[in-house]
Amino acid sequence: MSRPERPVLVVIAHGSRDPRHAATVHALVRRVRAQRPGLRVETGFLDFNIPSVQGVLNSLAAEGVRDVVALPLLLTRAFHAKSDIPAVLRQAPSRLRIRQAEVLGPSPLLTAALERRLYEAGLTPADKSSTGVVLASAGSTDPEAIAVIAEIAREWRHTGWCAVRPAFASASLPRTEDAVRELRALGCERVAVAPYVLAPGFLPDRIARGAAGADVLADVLGPAPEVARALLERYDEARMPSLAALGA
């Protein structure tokens, strides 16, 4: 008996007027395709960029596709994951069976990607014990999302860094520059800022400005291989019920 086709993976990105955002999303999707040859991966944007999520879903339905895993390209479960994306998916053609995957974070793979970016910016593993890190997130009004960032910072600190402090570019405090000053006051030999964001844009630029007093500013997570692996993990988790039913 032939095995059923794997569901199409539809990556749902926020979208931005900043062209760097879409370019980074597409680079990440290319890495996902390279890690999972044969898996069909499409990209749709909630705003500003094309194709739209609705347009992608309409096109898939017109082709005869039946099964889709919709994966929010988000790091925390805030408003977009809880409200915007489900609302868009409810408007999809009825012939599509859509499962919404979980957001990417938290995940040890994302922590590994953060460290990759810090090392690429000039740190080494030997610097960990003398370096304080600002875990700089975009920010949210959702208390669940804020609590997740704080917990990631606490757990990351236990891997050997001098200290790790969360910071937010919007909606919440402290700001990046405040966390940098706090780590200086703690006596950390050097201070590094690790943006916990996926792609460049307005808020990541604000994080970069807030990092002016730091010694090291890492790049956004972007198409890091660990991010692509986290994305595929979420895809596999979302399709797991059907796999279990088939004994796969």
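Along the sequence shown, residues are numbered consecutively beginning with 1. Nothing here was measured: the structure is a model prediction, and the numbers come from that model.
In the hydrophobic clustering of ILVMFWY residues, with side-chain heavy atoms under 4.5 Å counting as a link, Ile149 and Leu74 come out apart. If you chain together hydrophobic residues whose side chains sit under 4.5 Å apart, Val193 and Phe168 never meet in one group. Grouping the Ile, Leu, Val, Met, Phe, Trp and Tyr side chains by contacts below 4.5 angstrom, directly or via other members, places Val29 with Val227. Grouping the Ile, Leu, Val, Met, Phe, Trp and Tyr side chains by contacts below 4.5 angstrom, directly or via other members, places Val88 with Val68. Residues Val180 and Leu135 fall into different hydrophobic clusters, defined by Ile, Leu, Val, Met, Phe, Trp and Tyr side chains chained together at heavy-atom separations under 4.5 Å.
Contact check for Thr131 versus Leu118: no side-chain heavy atoms found under the 4.5 Å cut-off. Residues Val10 and Leu60 meet the side-chain proximity criterion, which asks for heavy atoms closer than 4.5 Å. Side-chain contact check for Leu232 versus Leu39: some heavy-atom pair is nearer than 4.5 Å. Counting only heavy atoms from C-beta outward, the side chains of Arg229 and Glu233 never approach each other to under 4.5 Å. When side chains are defined from C-beta on, Leu89 counts as touching Leu57, because their heavy atoms get closer than 4.5 Å. A 4.5 Å side-chain heavy-atom check between Gln35 and Leu231 finds every atom pair outside the cut-off. Looking at Leu46 and Val53, their side chains come closer than 4.5 Å, going by heavy atoms from C-beta outward. At least one side-chain heavy atom of Arg36 sits under 4.5 Å from a side-chain heavy atom of Asp236.
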Q | Verdict with reasoning, Glu237 to Arg234, per salt bridge (charged side-chain N to carboxylate O under 4.0 Å, His left out) | A | CA-CA 5 Å; Glu237 290 164 1; Arg234 295 295 186 243; 3.2 Å; yes
Q | Verdict with reasoning, Leu114 to Tyr196, per side chain to side chain contact (heavy atoms under 4.5 Å, CB included) | A | CA-CA 7 Å; Leu114 287 166; Tyr196 191 60; 3.8 Å; yes
Q: Show the numbers, then the answer: is there a side chain to side chain contact (heavy atoms under 4.5 Å, CB included) between Tyr235 and Val41?
A: CA-CA 11 Å; Tyr235 169 80; Val41 187; over 6 Å; no
(Q) If you apply the rule side chain to side chain contact (heavy atoms under 4.5 Å, CB included), what do you find for Glu155 with Ile152, and how did you get there? (A) CA-CA 5 Å; Glu155 292 187 2; Ile152 292 170; 6.0 Å; no
Q | Criterion side chain to side chain contact (heavy atoms under 4.5 Å, CB included) on Asp219 and Glu120, from CA distance to verdict | A | CA-CA 8 Å; Asp219 200 358; Glu120 289 171 350; 5.5 Å; no
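A donor-acceptor pair under 3.5 Å links the side-chain atoms of Arg175 to the main chain of Ser172, judged by distance alone. In this structure a side-chain-to-backbone donor-acceptor pair under 3.5 Å is missing from Arg165 to Leu183. Side-chain N or O atoms of Arg206 include none that pairs as donor or acceptor with a backbone N or O of Gly210 at under 3.5 Å. Judged by distance alone, with hydrogens and angles left aside, the side-chain atoms of Arg95 form a donor-acceptor pair with the main-chain N or O of Gly64 at under 3.5 Å. For Ser170 (side chain) and Ala138 (main-chain N/O), a donor-acceptor pair under 3.5 Å exists by modelled atom type. For the pair Arg31 (side chain) and Pro223 (backbone), a donor-acceptor distance under 3.5 Å is present. Panel note: side chain Arg117, backbone Val220; a donor-acceptor pair is recorded below 3.5 Å. Judged by distance alone, the side chain of Asp67 and the main-chain N or O of Arg6 form no donor-acceptor pair under 3.5 Å. Between the Gln91 side chain and the Gln54 main chain, no donor and acceptor come within less than 3.5 Å of each other.
Counted within 6.0 Å of CZ on Arg17, heavy atoms from surrounding residues, nucleotides or ligands total 12 or fewer; the atom is thus considered open.
Separating the CZ atom in Phe45 from the CG atom in Leu73 is a distance of 9.0 Å, to the nearest 0.5 Å. Annotation: the span from Cys162 atom SG to Asp127 atom CG amounts to 12.0 Å, rounded to 0.5 Å. Separating the CG atom in Leu110 from the CH2 atom in Trp156 is a distance of 11.0 Å, to the nearest 0.5 Å. Here CD1 of Ile146 is found 8.0 Å from OG1 of Thr141. Values are rounded to the nearest 0.5 Å. Between Ile207 atom CD1 and Leu203 atom CG the span is 7.0 Å, to the nearest 0.5 Å. To the nearest 0.5 angstrom, Arg116 atom CZ is 13.5 Å from Thr111 atom OG1.
Between His14 and Phe48, the two ring planes are tilted [angle within 30° to 60°].
Taking each heavy atom of Ala218 and Ala194 in turn, the nearest pair found is CB-CA, 4.3 Å. Considering every non-hydrogen atom in both Ala199 and Pro204, the closest pair reads O-CG, 3.2 Å. Closest of all the heavy-atom pairs between Val216 and Ala121 is CG1-CB, 3.6 Å. The minimum heavy-atom distance between Gly15 and His21, with the atom names listed, is N-NE2, 3.1 Å. The minimum heavy-atom distance between Val197 and Ala136, with the atom names listed, is CG1-O, 4.4 Å. The nearest pair of heavy atoms linking Leu9 to Val32 is CD2-CG1, 4.3 Å.
Salt-bridge annotation for Arg154 and Glu151: present, with a side-chain N of the basic residue lying under 4.0 Å from a carboxylate O of the acidic one. Ion pairing between Glu102 and Arg77 holds under the 4.0 Å rule for side-chain N and carboxylate O. A salt bridge links Asp215 to Arg184: at least one charged side-chain nitrogen sits closer than 4.0 Å to a carboxylate oxygen.
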